[in-house]
Amino acid sequence: MLRYFKPAIFLACLVPLALLVWDALHGQLGANPIEAITHYTGNCTLIFLLITLAITPLRKLTRQYWLISLRRMFGLFAFFYGTLHMMTWVWLDKFFDVHEMLADVAKRRFITAGMTGFALMIPLALTSTKWSIRKLGGKRWQALHRLIYFSAAAGVIHYIWLVKADLKKPLEYGAVLAVLMLYRVAAWMIGKQKARMRVGENQVEITGN
């Protein structure tokens, strides 16, 4: 079942790109096509980052453990759309002018935040293979991939600083991210509490013996 389901999910993840290409070919990107592409790919990047972060809590709450097999795919699509977002700025907006790009990074804080978020995704994409997990070891790999939290946060900050006035959409992304992070904090605290309780129970048993 999953063997056929994953290709369908993969194709669904390409739908946003297909819609963007369709709009571009039919002249439906508005008066400023570069800005439209930039915003569209940025939104796709944040959405896929949040979907990736949602997999773990959704898997645990629903006990649909097969969902974990989709996390890497969603994460790589977040990087894919992030790369398109970055290349739109580098190629279509700045025409590979390194001096102008560096000046923008230094002067505009929203670009600095966006560059930070994208840079943090690079090691995640490069170590997304099973070989990387074996090479790094499970604990170190998991520690490295916690960078996704900071990448998503940088993406939300990038969006907030970009729009300045109409904050509704970036704040919605921020709220979803906050819920996903609060879940992780709560799960970590509950896990620590259960571990302390088990240690206490073992000590009581030892004392009783």
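The residues of the chain are indexed from 1 along the displayed sequence. From a predicted model like this one, the values you see are computed outputs, not experimental measurements.
- Checked options Ile148, Thr52, Leu76; the residue passing with Leu124 is Ile148 (criterion: side chain to side chain contact (heavy atoms under 4.5 Å, CB included)).
- Taken from CD1 in Ile157 to OG1 in Thr112, the straight-line distance is 11.5 Å, to the nearest 0.5 Å.
- Rounding to the nearest 0.5 Å gives a distance of 10.5 Å between CG of Leu162 and CG of Leu167.
- Evaluation of the side chain to side chain contact (heavy atoms under 4.5 Å, CB included) rule for Ile133 yields Trp141 as partners, not counting sequence neighbours.
- In terms of heavy-atom proximity, Ser132 sits nearest to Ser128 at OG-N, 4.5 Å.
- In this view, Phe10 and Leu14, Met73, Phe77 satisfy the side chain to side chain contact (heavy atoms under 4.5 Å, CB included) rule, not counting sequence neighbours.
- Transitive grouping of hydrophobic side chains (ILVMFWY, heavy atoms separated by less than 4.5 Å) keeps Leu182 and Ile55 in distinct clusters.
- A side-chain donor from one of Tyr173 and Asn43 sits under 3.5 Å from a side-chain acceptor of the other.
- One finds the CD atom of Gln28 at 10.5 Å from the CG atom of Leu19 (value rounded to the nearest 0.5 Å).
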Step-by-step side-chain contact (heavy atoms from CB on, under 4.5 Å) determination, Met115 to Trp89: CA-CA 11 Å; Met115 289 286 288; Trp89 178 68; 4.0 Å; yes

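- Taking 4.5 Å as the limit, some side-chain heavy atom of Tyr149 sits within range of a side-chain heavy atom of Leu53.
- Listed by first then second residue, pairs satisfying ring pair (Phe, Tyr, Trp, His ring centres under 6.0 Å) with a partner in residues 24-45 read Trp22-His26, not counting sequence neighbours.
- At least one side-chain heavy atom of Leu50 sits under 4.5 Å from a side-chain heavy atom of Leu177.
- Residues that satisfy the side chain to side chain contact (heavy atoms under 4.5 Å, CB included) test with Ile122, not counting sequence neighbours, are Phe79, Phe118, Leu126.
- When every heavy atom of Lys135 is checked against every heavy atom of Arg140, the shortest pair comes out as O-NH2, 4.0 Å.
- Using a 4.5 Å cut-off between side-chain heavy atoms of Ile, Leu, Val, Met, Phe, Trp and Tyr, with links allowed through other members, Val179 and Val176 fall into different hydrophobic clusters.
- Here the closest non-hydrogen pair linking Tyr81 and Leu17 is OH-N, 3.2 Å.
- In this structure, Leu180 CG and Leu49 CG are separated by 11.0 Å, a value rounded to the nearest 0.5 Å.
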Test side-chain contact (heavy atoms from CB on, under 4.5 Å) on Leu92 and Met87; report intermediate values, then the result. CA-CA 7 Å; Leu92 300 180; Met87 289 307 299; over 6 Å; no

side-chain contact (heavy atoms from CB on, under 4.5 Å) between Asp93 and Thr38: does it pass, once the steps are laid out? CA-CA 9 Å; Asp93 192 12; Thr38 302; 5.9 Å; no

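- Legend: residues meeting side chain to side chain donor-acceptor pair (under 3.5 Å) with Thr127, ordered by chain and number and at least two apart, are His145.
- At a threshold of 4.5 Å between side-chain heavy atoms, the hydrophobic network of Ile, Leu, Val, Met, Phe, Trp and Tyr places Leu84 and Val21 in one connected group.
- Across every non-hydrogen atom of Asp166 and Val163, the tightest pair is O-CG2, 3.4 Å.
- Shown here are the side chain to side chain donor-acceptor pair (under 3.5 Å) partners of Arg72, two or more places apart in sequence or in another chain: there are none.
- Shown here are the side chain to side chain contact (heavy atoms under 4.5 Å, CB included) partners of Arg134, two or more places apart in sequence or in another chain: Lys130, Trp131.
- Qualifying ring pair (Phe, Tyr, Trp, His ring centres under 6.0 Å) partners for His99, counting only residues two or more places apart in sequence or in other chains: none.
- Clustering ILVMFWY residues whenever any of their side-chain heavy atoms sit less than 4.5 angstrom apart, transitively, puts Val98 in the very cluster that holds Val90.
- A pairwise comparison of heavy atoms in Met121 and Ser151 identifies CG-OG, 3.2 Å as the closest pair.
- Counting heavy atoms from C-beta on, the side chains of Phe5 and Trp66 come closer than 4.5 Å.
- Summarising the geometry of Leu29 relative to Ala36, their closest heavy-atom pair is O-CB, 3.3 Å, with the distance given to 0.1 Å.
- With rounding to the nearest 0.5 angstrom, the OG1 atom of Thr41 is 10.0 Å from the CE atom of Met86.
- Screening residues 40-67 for salt bridge (Lys or Arg N to Asp or Glu O under 4.0 Å) gives no qualifying pairs among residues at least two apart or on separate chains.
- Applying the salt bridge (Lys or Arg N to Asp or Glu O under 4.0 Å) test to residues at least two apart or on different chains, the pairs with a partner in residues 105-124 are Asp104-Arg108.
- For His85, the ring pair (Phe, Tyr, Trp, His ring centres under 6.0 Å) test picks out His158, with sequence neighbours left out.
- Note: Lys169 NZ to Glu172 CD = 8.0 Å, rounded to the nearest 0.5 Å.
- A continuous path of ILVMFWY side-chain contacts below 4.5 Å connects Phe74 to Leu147, so both sit in one hydrophobic cluster.
- Listed by chain and number, the residues in a side chain to side chain donor-acceptor pair (under 3.5 Å) with Asn32 are Glu35 (sequence neighbours excluded).
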